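Here the structure is laid out as structure tokens; the discussion comes afterwards.
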2 protein chains.
Amino acid sequence: MKTNEVIIVDDHLLFARSLASLVNSYDDYTVKFTFQNGSELVDKLSAGMKLPAIILLDVKMPVMDGIATMKWLKKYQPEAKVLALSMEDDEQTILSMLRNGAKGYLLKDIQPTLLKKALDTVIDQGYFHTEQVTNTLMKSLNHDNNTNKEIQLKENEIRFIKLACEEKTYKEIADEMFLSPKTIDGYRHHLFEILGVKNRIGLVMYAIKHKIVEI
Amino acid sequence: MKTNEVIIVDDHLLFARSLASLVNSYDDYTVKFTFQNGSELVDKLSAGMKLPAIILLDVKMPVMDGIATMKWLKKYQPEAKVLALSMEDDEQTILSMLRNGAKGYLLKDIQPTLLKKALDTVIDQGYFHTEQVTNTLMKSLNHDNNTNKEIQLKENEIRFIKLACEEKTYKEIADEMFLSPKTIDGYRHHLFEILGVKNRIGLVMYAIKHKIVEI
DNA sequence: ATAAAAAAGGGGAAAAACACCTTTTTTAAA
DNA sequence: TTTAAAAAAGGTGTTTTTCCCCTTTTTTAT
């Protein structure tokens with residue numbers, strides 16, 4: 001039987017190493033490499049490394065995270081079969097990974113046997129989704145409003161949001177951004193509208209939920 | 001050579017299982033149990049199970065998290081040797097675990113070989129601390145102010161903070177808590193003072209940092 | 001060239017922040 | 001067990017910030 005090559009990308013070395021030994025214990029899978037972040041993977045692929053059968057990709061990583069990695073893969077290696085593997089179970093993250101082509105999304109609290117099944121199913125059918133993740137997605141689809149549709153924020157808007165999460169007045173933010181307070185007021189108003197929030201508190205909560213600011 | 005019993009407490013089954021096989025590969029350590037949360041551990045200890053040589057305890061868990069578990073152990077099983085094992089690297093969490101008696105705090109991105117060293121050192125010397133964690137603690141000690149000293153919030157203050165993280169006016173919060181807006185203003189003022197924040201934004205950020213509100 | 005957006009601004013209402021000040025309730029100590 | 005101190009709750013009013021509506025100018029893109 002031919003063995004399927006697996007690459008693990010996870011900054012938690014302890015986990016990555018442990019996971020590797022688990023995967024290696026399956027006799028039709030072999031871990032070829034473990035990388036600590038997306039950019040190590042991208043470097044190797046850019047240097048001509050051939051795609052493995054499956055990439056197990058963590059979402060939350062420093063340097064180049066799961067979503068950034070998926071975006072790169074979607075563009076330059078769309079054939080890559082990626083299983084996202086993460087403890088982040090928020091809609092936004094899951095949606096983002098799947099939108100960018102992940103073949104499945106496993107939460108790290110799954111039963112170990114499920115990993116084997118996921119690997120097999122991705123090899124056979126090209127995708128694998130747990131009930132848990134499917135439920136999350138369904139919930140998000142039936143969400144009263146459309147919290148979906150990726151909102152693309154401008155550079156200045158992001159700068160503004162970050163400052164709005166600090167204990168600053170809009171006047172101070174305006175000074176720091178070398179803009180008129182009225183322009184800041186415009187940013188504020190526009191963001192309230194497109195993000196569907198009512199006040200600065202809502203803006204801050206949005207920023208945190210969507211990881212625009214790190215806590 | 002006698003083998004040291006280890007118990008792993010971690011809700012991420014995949015990780016727990018993988019970690020167990022890693023620990024079992026050391027010939028002087030044996031994983032006796034893996035539990036999914038603190039309360040499973042507490043149940044077994046309450047039922048008379050004897051303490052293992054070392055407990056590897058995750059911090060972020062549903063049901064009964066690491067800090068709650070440490071508090072229980074401190075009270076009822078102060079002899080327990082616990083190594084906290086977590087990806088949370090924020091001061092507050094680390095401090096809280098160590099204050100409650102953890103013998104060490106390992107971040108999940110450590111080199112796998114360091115785990116063995118940590119286990120050995122805890123057995124031999126009773127504690128083990130990485131440079132990384134020591135640095136975090138030092139930084140917190142030298143922190144301009146005293147962000148330390150666990151602040152004990154009252155029930156009503158916590159209720160208020162949670163509502164303050166929603167897009168509500170103080171008037172609405174007062175109504176919801178059946179209190180005068182002026183009492184709410186008192187809470188606000190008092191919290192600003194004891195938490196060292198300047199405005200409601202600061203309060204919200206504090207609440208999130210200290211996990212008073214879930215996001 | 002023209003439309004769309006970003007930036008800047010005026011004026012005003014509402015909410016938040018702040019400053020004192022009073023009464024009641026709880027807690028701790030004499 | 002009274003008394004002092006501290007915490008909780010409420011009152012009135014001022015200043016500052018936030019929020020909202022609407023207009024003009026400047027920049028950007030088609």
Side-chain angles (χ1 to χ4, degrees), chain A residues 144-210 212-213 215, chain B residues 144-210 212-213 215:
Chain A
D144 44 350
N145 54 10
N146 276 13
T147 315
N148 296 345
K149 57 174 177 304
E150 299 240 330
I151 293 168
Q152 197 48 52
L153 297 173
K154 309 248 186 324
E155 194 55 37
N156 256 4
E157 288 174 338
I158 290 174
R159 279 222 296 151
F160 164 70
I161 290 181
K162 285 185 176 168
L163 293 169
C165 289
E166 299 177 31
E167 299 174 72
K168 296 186 157 110
T169 66
Y170 291 140
K171 169 81 179 59
E172 289 169 332
I173 293 174
D175 286 349
E176 204 159 325
M177 291 180 70
F178 301 108
L179 290 169
S180 149
K182 283 300 167 179
T183 303
I184 294 301
D185 194 50
Y187 287 171
R188 179 195 58 73
H189 186 255
H190 179 234
L191 286 170
F192 280 16
E193 212 149 68
I194 64 172
L195 305 182
V197 300
K198 274 164 55 186
N199 53 35
R200 187 163 160 182
I201 304 299
L203 189 63
V204 169
M205 294 306 286
Y206 180 94
I208 290 159
K209 274 204 195 84
H210 294 76
I212 293 168
V213 289
I215 323 177
Chain B
D144 44 351
N145 54 10
N146 275 14
T147 314
N148 296 346
K149 59 173 173 308
E150 301 238 334
I151 293 167
Q152 197 49 50
L153 297 174
K154 310 255 185 323
E155 194 55 37
N156 255 4
E157 288 173 338
I158 290 174
R159 280 222 294 150
F160 164 70
I161 291 181
K162 284 183 177 172
L163 293 170
C165 289
E166 300 177 29
E167 297 174 74
K168 295 186 158 109
T169 66
Y170 289 139
K171 170 81 179 59
E172 290 169 330
I173 294 174
D175 286 348
E176 203 158 325
M177 291 180 71
F178 301 108
L179 291 170
S180 148
K182 285 301 156 181
T183 305
I184 294 300
D185 194 52
Y187 287 170
R188 179 195 60 73
H189 183 77
H190 180 234
L191 285 170
F192 280 16
E193 211 148 69
I194 64 173
L195 304 182
V197 301
K198 274 165 55 186
N199 52 35
R200 188 162 160 183
I201 303 300
L203 190 63
V204 168
M205 293 306 285
Y206 179 95
I208 290 160
K209 275 207 193 80
H210 294 77
I212 293 167
V213 288
I215 324 176

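The sequence lines fix the lettering, A, B, ..., with proteins before strands; numbering per chain opens at 1. Since we're looking at a predicted model, the values are computed, not measured.
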Ignoring the backbone of [X], work out which of [options] is nearest its side chain.
X	options	answer
Lys182(B)	dA9(D), dC18(C), dC20(D)	dC18(C)
Asn156(A)	dT17(D), dG11(D), dA7(C)	dA7(C)
Thr183(A)	dA8(C), dA16(C), dA19(C)	dA8(C)
Arg188(A)	dC18(C), dC20(D), dG9(C)	dC20(D)

Rounded to whole Å, please give me the gap between [atom1] in [X] and [atom2] in [N].
X	N	atom1	atom2	result
Lys154(B)	dT27(C)	NZ	P	10 Å
Phe160(A)	dA8(C)	CZ	C1'	15 Å
Lys171(A)	dA8(C)	NZ	P	13 Å
Leu203(B)	dT17(D)	CG	C1'	17 Å
Asn199(A)	dT17(D)	CG	C1'	13 Å
Lys198(A)	dA15(C)	NZ	P	10 Å
Tyr187(B)	dG11(D)	OH	P	14 Å
Ile173(A)	dC19(D)	CD1	P	11 Å

Quiz item: Does Tyr170(A) or Glu157(B) map to a spot on DNA chain D nearer the 5' end, using the closest nucleotide for each?
Solution: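 On the 5' side of the pair lies Glu157(B).
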Could you pull out the closest heavy-atom pair between [X] and [Y], with the gap in Å?
X	Y	result
Phe192(B)	Arg200(B)	CZ-N, 3.5 Å
Ala164(B)	Val204(B)	O-CG2, 3.7 Å
Leu191(B)	Glu157(B)	CD2-CD, 4.0 Å

Self-check item: Arg159(A) charged N/C atom sitting above Tyr187(A) aromatic ring, 6.0 Å / 45°
Solution: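 Because its charged atom misses either the 6.0 Å distance or the 45° angle limit, Arg159(A) does not stack over Tyr187(A).
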Exercise. By nearest nucleotide on DNA chain C, pick out whichever of Phe192(B) and Phe178(A) is the more 5' one.
Key: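 Mapping each residue to its closest nucleotide by heavy atoms, the 5'-most match is Phe178(A).
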Quiz item: With a 4.5 Å limit on heavy-atom distance, are the side chains of Lys168(A) and Ile201(B) in contact?
Solution: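 They are not in side-chain contact.
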Quiz item: Any donor-acceptor pair under 3.5 Å joining the side chain of Asp185(A) to the base of dC19(D)?
Solution: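 Under the 3.5 Å cut-off, the side chain and the base do not form any donor-acceptor pair.
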